[in-house]
K.L.:
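Please read through the structure below; I'll follow up with questions.
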Amino acid sequence: MVSPTRRPWRLIPPLLLCLITITRSLQLHILPKVKPFHPLFAVPSSSSSTQTSSSANTAGSLGPPALTISSLSCTHDGGQTYQLESACYILPRYRKIGLVGRNGCGKSTLLRIIATECDDGNLLSIANSIANDGFKYTGTVEKPRDVTVGIVEQDPPSPSDVTVGDAILGITSASLPDQSSGNNNNVYDVVRQYRLALSGSSASSSLLSSLTTQMESMEGWSILTRAEELATRFEISHLSSSPLSHLSGGERKRVAIAAAMLSNPDVLLMDEPTNHLDLEAIRLLEDVLSSQKLTLMVVTHDRAFLENVCDIVLELDQGSLYEYCGTGGYRTFLEGKEERLRLADAAVSNAKVMYKKELEWMRRQPQARQSKSQARIDAFYKLEKMVTPRAREGVLDIADSAGGGRRIGKSVLKLDNVSLSFSERQMLRDFSYDFNRGDRIGIVGGNGVGKTTFLNVLTGRQAPDAGTLSTGETVVFGIYDQRGLDVPEQDTTVLDFVKESVLARDGSTMAEAPGEAMTLLRKFEFSRNRWQTRLSVLSGGERRRLQLLSVLTKRPNFLILDEPTNDVDIDTLSVIETYLTEEFKGVLVVVSHDRYFVDKVTDHLFVFEGDGVVRDFKGTLTDYAEGLLERETRKKNAAAAGTSGTTSAGGGGGTSYKEDKAKRNERRNELRKMKKEMLSLDTKMDKLKEEAGKLQKEIDGSADEGWSVLADLTSKLNSINEDVEEMELRWLELAEELEEAEATGEVS
């Protein structure tokens, strides 16, 4: 019995009290806050099932979860590093989740494991890929019986014996059906055989009749119609009979997306879907995904895509999953991650204080009495683990390695009436431009309109048919090719590649300066245990980092970046952006469809419109994309109006489906703009409030300055306060309208 003069909590050892306090503190801060328009972020994957369920509940109670990930662990090196370490997550239905993390952290691995665990026989290529790679994993992914899963891989397969038309139907080289019989239980195989029977002259009337009967009984006509619609929408209908092996990267990605959409999965997994796509295709993909009622998990580095499509950001960091919810998208993720790391540091600091006391107690403790304090000893060892902070990822150090580039003279590069064509395709037509020091130009346009050819003309690798091109004597080109590293021997190690292919600052090879090679590798985030790794087994992001190292160490003053954001994680992109905007002083030419990146590092655009026409667009890539969207919306409205008029003339009356769909698309675009306006208002109000605070300090310290000075300062302060008040009212109006839209289901 406890004495009334003592408190029960005093019976708890101080160390256990510390652990309880720290743990409860972390739970209170890290569990999601169910409040709209505020950043929310969840506990790490190693947390208890109750906490994980809470994080899922913030995503909306929309019935049972789409998938439940439990205790997933995966390592490629025997346990030294974990891509996944007891990772848990509940995938909420009908939410669109952006999966982010550093290159090589395991994002693609997670998608492949989910696809393998949820395979109903349609994802054999993924399962075989995992088996061939030889890595193992533990844990489970639970899927309700009524849920189907589809996946779009980062590099879709391109077998030579499968055509585009077949691939859209989900046909792979491993499952080509027997055409000699009309009996088949797979509706997609039946549709394929029917198409082949129609296009061929050798099909018997009995086979065609049997296939027609199966098409009717298995609803094959709707599949065929939907496949044709998707092929038209993704602009691949003209490639229907082409083998996948003959397609470009962007075309193969369009085919894979169309195939995934045709299968109509409940859960769609996508790995870097915007790679190799042009701007119009990316906007089309955003529109398609936003309008579909499905659960989406997408790995992407495209921050504009993340902002427009995803309502949850899920971060994979050192084997654990962290969830960030809110209307701010990418900004919410950055704010939430900063808060998460701050809390983790605070917990470690608190634990260190207690650890010092307990360490002294452990040293004083007589050996004979240890059995009497076993609980406290066990708690000490738990605390010992807590005082070791989680290893932080390295930070790419470009500025110190590359500097701001070499000095560049007044004469840089001048093109005068340059023209170029290949056969009947006109790439450039009378193009003229005089590049100046400090130019920052983005190159945009559809696939195949001549963007890469233009870069080859600039660097002298492609001679023009007509016109003149003059290059200044001080110009040193640095070319980052979208095709990646040009390494003939894939067995070359990372360190050997740097020694043989990269020049030191004095112009010698790194083989003559191995110390500098090792320093460079550290600055570009290659730890010592990766130096002897063969290039053939590096991740896509690691190869891109190595390529960037080889380009920037030449200290170019005319930098050409061809699709630099492909396979590069968001943290690395941020470092590159900072270098290009703050350190690099030369000429920059960028080919990219990453709106966030191009907006940040360029001043204007060269828009390749086809047939050799290049337009100088004085604005950002986001502005240009909005213009494309508005033109597309006007076309749809005009087409819908035409259809409606035809229907009315025929006596049908009412609103056509196309017109109704166009209105829904227009409404979605309005809501998207409202969210962007709210973010813009937040930024403006923060700046104005900061300015108001400075003015208030000036007023407080200007009592002796005279009435006129005080009146002027007060007038400015009142004006700012009025502006802030107007912005707050507008923000509340937008918030109210968005809440109403969510309540009516207009915002998914």
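All heavy atoms count here, side chains included; hydrogens, waters and symmetry mates do not. Residue indices begin at 1 and follow the sequence shown. What you see is a predicted model, and the numbers here were worked out from it, not measured in a lab.
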K.L.:
In this structure, are over 12 heavy atoms from other groups packed under 6.0 Å from Arg461 atom CZ?
P.N.:
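Enclosed: over 12 neighbouring heavy atoms sit under 6.0 Å from CZ of Arg461.
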K.L.:
Would you call Leu573 and Thr565 a side-chain contact if the rule is heavy atoms closer than 4.5 Å?
P.N.:
yes
K.L.:
Would you indicate whether the side-chain heavy atoms of His593 and Leu277 approach each other to under 4.5 Å?
P.N.:
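When only atoms from C-beta onward are counted, His593 and Leu277 do not touch, as no gap falls below 4.5 Å.
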K.L.:
Testing Val298, Val309, Ile312 for side chain to side chain contact (heavy atoms under 4.5 Å, CB included) with Lys96, which one passes?
P.N.:
Val309
K.L.:
Just wondering, do Asn557 and Val475 contact through their side chains at under 4.5 Å, heavy atoms?
P.N.:
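Result yes, sub-4.5 Å side-chain heavy-atom pair found.
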K.L.:
Let me confirm one number: the CG-CE distance from Asn456 to Met427, rounded to the nearest 0.5 Å.
P.N.:
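It is 11.0 Å, given to the nearest 0.5 Å.
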K.L.:
Got a donor-acceptor contact below 3.5 angstrom from the Arg544 side chain to the Val568 backbone?
P.N.:
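Between the backbone of Val568 and the side chain of Arg544 there is no qualifying donor-acceptor contact (under 3.5 Å).
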K.L.:
Is a side-chain donor or acceptor of Asp416 paired with a backbone partner of Ser432 at a separation under 3.5 angstrom?
P.N.:
no
K.L.:
Do you know which of Leu580, Val587, Val589 makes side chain to side chain contact (heavy atoms under 4.5 Å, CB included) with Leu559?
P.N.:
Leu580
K.L.:
State the CG-NZ distance between Asp155 and Lys253, to the nearest 0.5 angstrom.
P.N.:
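Here the interatomic distance stands at 7.0 Å.
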K.L.:
Strictly distance-based, threshold 3.5 Å: is any side-chain N or O of Asp599 a donor or acceptor partner for the main-chain N or O of Thr622?
P.N.:
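Answer holds: yes.
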K.L.:
Is it the case that the side chain of Asp302 and the backbone of Asp594 share a donor-acceptor pair, with hydrogens and angles ignored and the cut-off at 3.5 Å?
P.N.:
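Between the backbone of Asp594 and the side chain of Asp302 there is no qualifying donor-acceptor contact (under 3.5 Å).
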K.L.:
Given Arg595, which partner from the list Glu626, Glu286, Glu307 fulfils the salt bridge (charged side-chain N to carboxylate O under 4.0 Å, His left out) test?
P.N.:
Glu286
K.L.:
Would you say Arg437's side chain and Ile408's backbone share a donor-acceptor pair under 3.5 angstrom?
P.N.:
yes
K.L.:
Between the side chains of Gln547 and Asp481, does any donor sit under 3.5 Å from an acceptor?
P.N.:
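No donor-acceptor contact under 3.5 Å links the two side chains.
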K.L.:
Is the shortest side-chain heavy-atom distance between Met270 and Thr300 below 4.5 Å?
P.N.:
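With C-beta onward as the side chain, the pair stays apart.
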K.L.:
Run Asp567 and Arg543 through salt bridge (charged side-chain N to carboxylate O under 4.0 Å, His left out) and show every step you take.
P.N.:
CA-CA 9 Å; Asp567 302 319; Arg543 290 174 68 90; over 6 Å; no
K.L.:
Carefully, step by step, assess Arg342 and Glu339 under the rule salt bridge (charged side-chain N to carboxylate O under 4.0 Å, His left out).
P.N.:
CA-CA 5 Å; Arg342 185 187 66 79; Glu339 179 72 1; 2.7 Å; yes
K.L.:
In terms of relative ring orientation, are Tyr433 and Phe606 parallel, tilted or perpendicular, with 30° and 60° separating the classes?
P.N.:
perpendicular
